[in-house]
Peer 1: 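Sharing a structure here in structure tokens format.
All values reported here derive from a predicted model rather than from experimental measurement. All chains are named by letter (A, B, ...) in the order of the sequence lines, taking the proteins before the strands, and each is independently numbered beginning at 1.
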Amino acid sequence: MISRHHSMFTVLSIASLALATPFATQAAPPPGRLLASQCAQCHGTNGRSVSGIDSLAGESAREIYDEMREMKNKTDHPDDIMHHIAAAYTDQQLWLIAQYFSTIPK
Amino acid sequence: MNTLSRRHFLKLAGASAALAATPSILRAQSATSNGRVVVVGGGFGGATVAKYLRLWGGANAPQVTLVDANLKHVSCILSNMVLDNTRSLSSITFGYDNLQTKYGVKFVQGKATSFDNVKKLLKLANGTTLAYDHLVLSPGIDFKPIPGLNFSKIPHAWQAGPQTTLLQQQLQQFMSSSSPGNVIITAPLAPIRCPIGPYERACTVADMIKRKGKPGSKVILLDANPGIMAEVNTFTTAFNKTFAGIIDYRPSVQVASVDSDRRIVQTTTGSEFQASVLNVIPAHLAGAIVRTNGLVPDLTAANWGAPVNPLNYESTVSGMSGVHIIGDSQGTGMSKGGHVANGEAKVCADAILRMLKGEALDMGPTVPAACFNSVTSTTGSWLSTLFAYDPVTKSMIKVKAPDNPTGTFEAPAATGDNYERIFDWSANLFADTFA
């Protein structure tokens, strides 16, 4: 269970643990999976887009995280829907989302 | 009970021989030890929860049976584009083949009428019963009756399918006639499915009139609400500028009755409006199976949805443990529509998988509400809200930001890029739900 109050360090450790364990044998679902699934409405199931919107599957966690942080902080672009979506998540949540997509094969 | 229900299941599955030759994800379907989930309603909520229960369940996935009265679902999303022939009805119609072949969901065509939550049995109109450990109800909406309203003459077109075709045909006939007239659309009091829908529809029809050049013709939008429900800036601009003189927007007008033969709306204040084409969207109710089985304690409440715990969408009514309501019929207060129903379905699927294994629920679910919609035949706009669980109020609340103080942001302007995005968005939403 990841709460928003966990430190970034805790979040990182849990996320790395998840990477080392195959999903099927894991007791709890991978952290970030449920959060990341809420991107699929626009970015495709497991981040594999079937349209002109970017795929997220298999990108590096750092890249996805940095890009979402950049969009989050870019307040001079109110016409970018992703600015508003990214801004609604905490950095910890963004990191969990980024980590999850990085584990999905392209 | 287990033996009986298992026999029922195999009978419904129709082919025990087929199971032997299927991949592991399908074989897992025959084991009841992982639990049985029955889903009622194959729209954005129901199809998504069925898919994700199987996708995320992996080798330990529960049996999932999806029940719907129809073999295919016609999406309300993009259905306003059928009215002006931008899209065909078949292009927004989805079957359940992918859910069955790719994820091992069992599909049963039938009308679910009631359930016994002590015996954990769902009953269908044809007498079949389906045993469940968890029952997910995603039936969409019903309508509050309006005296005189006959949907075979006056379409609502608010559940896509034949009703969409009927309104499209009436509009086509109106557009091909040389005499001017009024298209009247009535929007019901919130909360409704797709709060931008009535305004988008008014714009679609106004755009048809504007493009054709049909002098003297208008769209009159009679809105029961005191003002535009969603995308206020976008639609205020559309009504006052883009379609000035074509759209006549009248807030706070409530329909009392309808003369379906003469296409006349009578309002609660005694006014009458006569239309060439009349589209009445009545106020909503929760789907029948939710409403008539005790899941909505106050049937007269303004929030007509069933009360649920937003961590797992389980009913909060006593005796209803294991019964979950998602989509338009749930009463969390989040916006209603296909995009949101898809998001609720994932929270529900994750929660049911945890409950079946005796694990704690995820205490931090989020559900995005977004839509991309047309304003003209070449421009579009969007709306975005993120709902997150608030442990203090135990409810889903809008996440606010310094430059988004209400938690809901709409596109600053209707643009061509936003119009193109409608199709990029809907393609992924459709695939995430049905493919």
Peer 1: For the interface with chain A, which of B:A401, B:A427, B:P368, B:S384 has the highest count of heavy-atom pairs at distances below 4.5 Å?
Peer 2: B:P368
Peer 1: Counting only non-hydrogen atoms closer than 4.5 Å, does B:K51 touch chain A with its backbone (N, CA, C, O), its side chain (CB onward), both, or neither?
Peer 2: side chain
Peer 1: Do you know which of A:G44, A:P78, A:A87 has the most heavy-atom pairs under 4.5 Å to chain B?
Peer 2: A:P78
Peer 1: Between A:H43 and chain B, with a heavy-atom cut-off of 4.5 Å, which part of the residue counts as in contact: side chain, backbone, both or neither?
Peer 2: backbone
Peer 1: Identify which part of B:D350 has an atom lying under 4.5 Å from any heavy atom of chain A, answering side chain, backbone, both or neither.
Peer 2: side chain
Peer 1: Are B:D328 and B:K336 ion-paired here, with the side-chain N under 4.0 Å from a carboxylate O?
Peer 2: no
Peer 1: Any chance you could lay out the side chain to side chain contact (heavy atoms under 4.5 Å, CB included) test for B:V136 and B:I352, step after step, and finish with the verdict?
Peer 2: CA-CA 10 Å; B:V136 184; B:I352 288 174; 3.5 Å; yes
Peer 1: For B:F44, is it the side chain, the backbone, both, or neither that has a heavy atom closer than 4.5 Å to a heavy atom of chain A?
Peer 2: neither
Peer 1: Under 4.5 Å heavy-atom distance to chain A, tell me which part of B:W425 shows up: side chain, backbone, both or neither.
Peer 2: both
Peer 1: Tell me which of these, B:V347, B:D417, B:N404, has more heavy-atom pairs under 4.5 Å with chain A than the rest.
Peer 2: B:V347
Peer 1: Identify which one of B:L353, B:L53, B:I326 satisfies the side chain to side chain contact (heavy atoms under 4.5 Å, CB included) criterion when paired with B:C348.
Peer 2: B:I326
Peer 1: Under 4.5 Å from any heavy atom of chain A, what part of B:F430 do you find: side chain, backbone, both or neither?
Peer 2: neither
Peer 1: Looking at A:K72 and A:D91, is there a salt bridge between them, counting it only when a charged N and a carboxylate O are closer than 4.0 Å?
Peer 2: yes
Peer 1: Any side-chain donor-acceptor pair under 3.5 Å between B:T234 and B:E410?
Peer 2: yes
Peer 1: Please determine whether a side-chain nitrogen of the Lys or Arg among A:R62 and A:D66 lies less than 4.0 Å from a carboxylate oxygen of the Asp or Glu.
Peer 2: yes
Peer 1: In plain terms, say whether B:D390 and B:K398 are close enough for a salt bridge, that is, a side-chain N and a carboxylate O under 4.0 Å apart.
Peer 2: no
Peer 1: At a heavy-atom separation under 4.5 Å, does B:A431 approach chain A through its side chain, its backbone, both, or neither?
Peer 2: both
